[in-house]
Amino acid sequence: MEIVGDGVIIGAGIAGLATAVALKRVGVQALILEKSDTLRSTGAALTLFPNAWLALDALGVSDKLTSLYTPFSKGSITDVATGAVQEVLYTGNGGKAQGPILVHRKALLEALAKELPADSIRFSSKFTAIEQQELGDVSIVLLHLKDGTTTKSKVLVGCDGVNSAVAKWLGLSAPIHSGQAAVRGLAVFPQGLGFKKEVAQFVDVGKRAAFVPLTDKELYWALACLEGESMARDPGLIQKEVIENHAKDFPPEYLDVVRHADLSNLTWAPLMFRHPWNVIFGNLSKGNITLAGNAIHPMTPDLAQGGCSALEDAVVLGRHIGNSFIKNGGLLVPENMAPATDGYVKERKWRAAMLITGSYLSGWVQQVGSKWWKKFLRDTLYGFVMPRLSNVVAYDCGTFPSVSASSDQRHNREI
Ligand SMILES: Cc1cc2nc3c(=O)[nH]c(=O)nc-3n(C[C@H](O)[C@H](O)[C@H](O)COP(=O)(O)OP(=O)(O)OC[C@H]3O[C@@H](n4cnc5c(N)ncnc54)[C@H](O)[C@@H]3O)c2cc1C
């Protein structure tokens, strides 16, 4: 058996890496176990809203990304059936945070990973079973890995994504299929884009698509449609199906973007979400074991908040564990981990449930179809929900306690 230090995190996605950075900032060392042999950047790019930039500020990595990418302030939504175009304005949160910015997923993951000591991520390490072992008053987490090894830690954070085995171990029900799936990828224009730095969205009955310039030669594009409609798995065939079937009635500029798709990063995925009441009433922690990111709150991508809220989770969890660490003079005391994870869950669960619900509603209102009563419902919901959602994506998850005093205490004691 190997004792790997204070914390173990399962999964080196956005949630896992950000949680490790958050713990490092409050003085807690953590090892990330990742089943893949490298950082996975499936999906190519993602939009980070002001709430994510505030979390990235707290994590100390926002500057690395804002020096590479610029915010967008405007967009449009085109109704494919009628051709009607609605303008959308995006803002920061009154000057404190950046407006929404599209970034390469790889750049975000690497920026977070660079904050960690060299040996913090152990790749090709899939966990297979968890045990909570009581040693007197002290609860320790034992983790069994596929290669037959076992690790021991004081706290475990499951950041193992939508099909989280840690969430299953905690008794949460499996996420459910929204009925939709999405194609995502980059489009490359070697001669330069010639598009404005704006989000172009397109809605049709049961379909929603978008493209956004990422660099001066690359665009991110996506299409969500009903999963019931057939979709190939080969990238070339996916591209063909989008052009000839799913988006055949979309404006020529959208089809032109899809024709320029880079097949090496084109992917297709079902869109899953967890019932919000499962997040509110389910066990999101048990003693020194908890969850972050998609493992808690898989949601449809309609508000682009899955990754943003994973960053919030990391900061809030880091703060609760950091407060416990400081209270105990710079030591992570296993029996004090339960109050810390409880506090984290209380702070996060209503927001997570609200984001899942908001994302689902936001997707629904934009794709309801052409019947008059559906349009009425859509316009009413749009008028009521949308203005409130801008506050939701400007949420400030806060920062970390200062750990210098507690580190000094720990240092003195260790000497
Ligand atoms: C179409 C689409 C568009 C999106 N757009 C946006 C957007 O614009 N903005 C935004 O904020 N969000 C967006 N999202 C959501 C965002 O992609 C996710 O919420 C985010 O990637 C979740 O990160 P995570 O770290 O929780 O999970 P993941 O990225 O899934 O990471 C989980 C990690 O755990 C590892 N793992 C799993 N099981 C094990 C195991 N047993 N042992 C070891 N390792 C394991 C996996 O290999 C993986 O690396 C979008 C999602 C979709 C589907």
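In each ligand, atom 1 is the first atom listed, and ligand 1 is the first ligand listed. Computed from a prediction, not measured in an experiment: that's the story for all the values here. Below, all heavy atoms of this structure are taken into account, side chains as well, without hydrogens, waters or symmetry copies.
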Item to complete: Output the distance between atom CG (L54) and atom CG (L59), rounded to the nearest 0.5 Å.
Response: 11.0 Å
Discussion item. Any carboxylate oxygen within less than 4.0 angstrom of a Lys/Arg side-chain nitrogen, looking at K64 and E115?
Written reply: yes
Item to complete: Indicate, as side chain, backbone, both or neither, the part of A165 found under 4.0 angstrom from ligand 1 when only non-hydrogen atoms are considered.
Response: neither
Fill in: Proximity flag A222 to ligand 1, non-hydrogen atoms under 4.0 Å
no
Worksheet item: Does any donor atom in the side chain of N336 or N328 lie under 3.5 Å from an acceptor atom in the other side chain?
Response: yes
Worksheet item: S36 near ligand 1, heavy-atom distance under 4.0 Å?
Response: yes
Discussion item. Can you tell me which portion of A304 lies within the under-4.0 Å heavy-atom range of ligand 1? Options are side chain, backbone, both, or neither.
Written reply: both
Exercise answer: donor-acceptor pairs, residues 313-323 side-chain atoms, under 3.5 Å, sequence neighbours excluded:
{"residue": "D313", "atom": "OD1", "partner": "R348", "partner atom": "NE", "Å": "2.7"}
{"residue": "D313", "atom": "OD1", "partner": "R348", "partner atom": "NH2", "Å": "3.0"}
{"residue": "D313", "atom": "OD2", "partner": "G293", "partner atom": "N", "Å": "2.8"}
{"residue": "D313", "atom": "OD2", "partner": "H297", "partner atom": "NE2", "Å": "2.7"}
{"residue": "R319", "atom": "NH1", "partner": "C397", "partner atom": "O", "Å": "2.8"}
{"residue": "R319", "atom": "NH1", "partner": "T399", "partner atom": "O", "Å": "3.1"}
{"residue": "R319", "atom": "NH2", "partner": "E347", "partner atom": "OE2", "Å": "2.6"}
{"residue": "R319", "atom": "NH2", "partner": "C397", "partner atom": "O", "Å": "3.1"}
{"residue": "H320", "atom": "NE2", "partner": "E347", "partner atom": "OE1", "Å": "2.8"}
{"residue": "N323", "atom": "ND2", "partner": "R319", "partner atom": "O", "Å": "3.3"}

Item to complete: Enumerate the atoms of ligand 1 whose separation from the nearest heavy atom of G161 is less than 4.0 angstrom.
Response: 27 (O), 30 (O), 32 (C)
Practice prompt. Check the pair F211, E253 against side-chain contact (heavy atoms from CB on, under 4.5 Å), reporting the backbone distance first and the verdict last.
Written response: CA-CA 10 Å; F211 66 75; E253 73 261 31; 4.0 Å; yes
Worksheet item: Among F127, W268, F123, which residue places a heavy atom closest to atom 42 (N) of ligand 1?
Response: F127
Worksheet item: Would you say T47 has any N or O atom under 3.5 Å from an N or O of ligand 1, going by distance alone?
Response: yes
Response to the item:
One should read off an interatomic distance between W169 CH2 and E131 CD, to the nearest 0.5 angstrom, of 9.5 Å
Worksheet item: Which atoms from ligand 1 have a heavy atom of C159 less than 4.0 Å away?
Response: 32 (C), 33 (C), 34 (O)
Practice prompt. Please report which non-hydrogen protein atom sits nearest to atom 47 (O) of ligand 1, along with the residue it belongs to and the distance in Å to one decimal place.
Written response: E34 OE2, 2.6 Å
Discussion item. Please confirm whether S125 approaches ligand 1 to less than 4.0 Å, judged on its heavy atoms.
Written reply: yes
Worksheet entry | Salt-bridge criterion met for D302 and R208 (N-O under 4.0 Å) | yes
Worksheet item: Does ligand 1 have a heavy atom under 4.0 Å from the side chain of N294, from its backbone, from both, or from neither?
Response: both
Worksheet item: Where on A310 is there a heavy atom closer than 4.0 Å to ligand 1, on the side chain, on the backbone, on both, or on neither?
Response: neither
Practice prompt. Please work out whether any backbone atom (N, CA, C, O) or any side-chain heavy atom from C-beta onward of K126 is under 4.0 Å from ligand 1, and answer side chain, backbone, both or neither.
Written response: both
Worksheet item: Nearest protein heavy-atom contact for atom 48 (C) of ligand 1: which residue, which atom, what distance?
Response: R40 NH1, 3.2 Å
Practice prompt. Considering only non-hydrogen protein atoms, determine which one is nearest to atom 34 (O) of ligand 1 and report residue, atom name and distance to 0.1 Å.
Written response: G11 CA, 3.2 Å
Item to complete: Write out the residue and atom name of the closest protein heavy atom to atom 21 (O) of ligand 1, then the distance separating them to 0.1 Å.
Response: R105 NH1, 3.3 Å
Practice prompt. With heavy atoms under 4.0 Å as the rule, classify the contact between T128 and ligand 1 as side chain, backbone, both or neither.
Written response: neither
Response to the item:
Under 4.0 Å from one or more heavy atoms of I14, ligand 1 contributes atoms 21 (O), 25 (O)
Fill in: From T290 atom OG1 to M337 atom CE, the distance as rounded to the nearest 0.5 Å
11.5 Å
Response to the item:
Here the atoms of ligand 1 under 4.0 Å from any heavy atom belonging to I10 are 40 (C), 42 (N), 43 (C), 44 (N)
Worksheet entry | Trace of the ring-ring contact (aromatic ring centres under 6.0 Å, His included) decision for H104 with Y220 | CA-CA 9 Å; H104 286 99; Y220 169 70; 9.7 Å; no
Worksheet item: If you measure from OG on S153 to CG on N288, what distance do you get to the nearest 0.5 Å?
Response: 7.5 Å
Worksheet entry | Interatomic spacing from OH in Y360 to OG in S178 - rounded to 0.5 Å | 7.0 Å
Worksheet item: Side chains of D37 and S124: do they bring a donor and an acceptor to under 3.5 Å?
Response: no
Practice prompt. Could you grab the distance from atom CG of L332 to atom NZ of K154, nearest 0.5 Å is fine?
Written response: 5.5 Å
Worksheet, complete the sentence: Closest heavy-atom approach to atom 45 (C) of ligand 1 among Q180, K35, R184 is made by K35
Worksheet item: Looking only at heavy atoms of M299, does any of them come nearer than 4.0 Å to an atom of ligand 1?
Response: no
Fill in: Residue, atom name and distance, where the atom is the protein heavy atom closest to atom 29 (O) of ligand 1
G13 CA, 4.1 Å
Discussion item. Please list the nearest protein heavy atom to atom 38 (N) of ligand 1 with its residue and the distance rounded to 0.1 Å.
Written reply: D160 CB, 3.5 Å
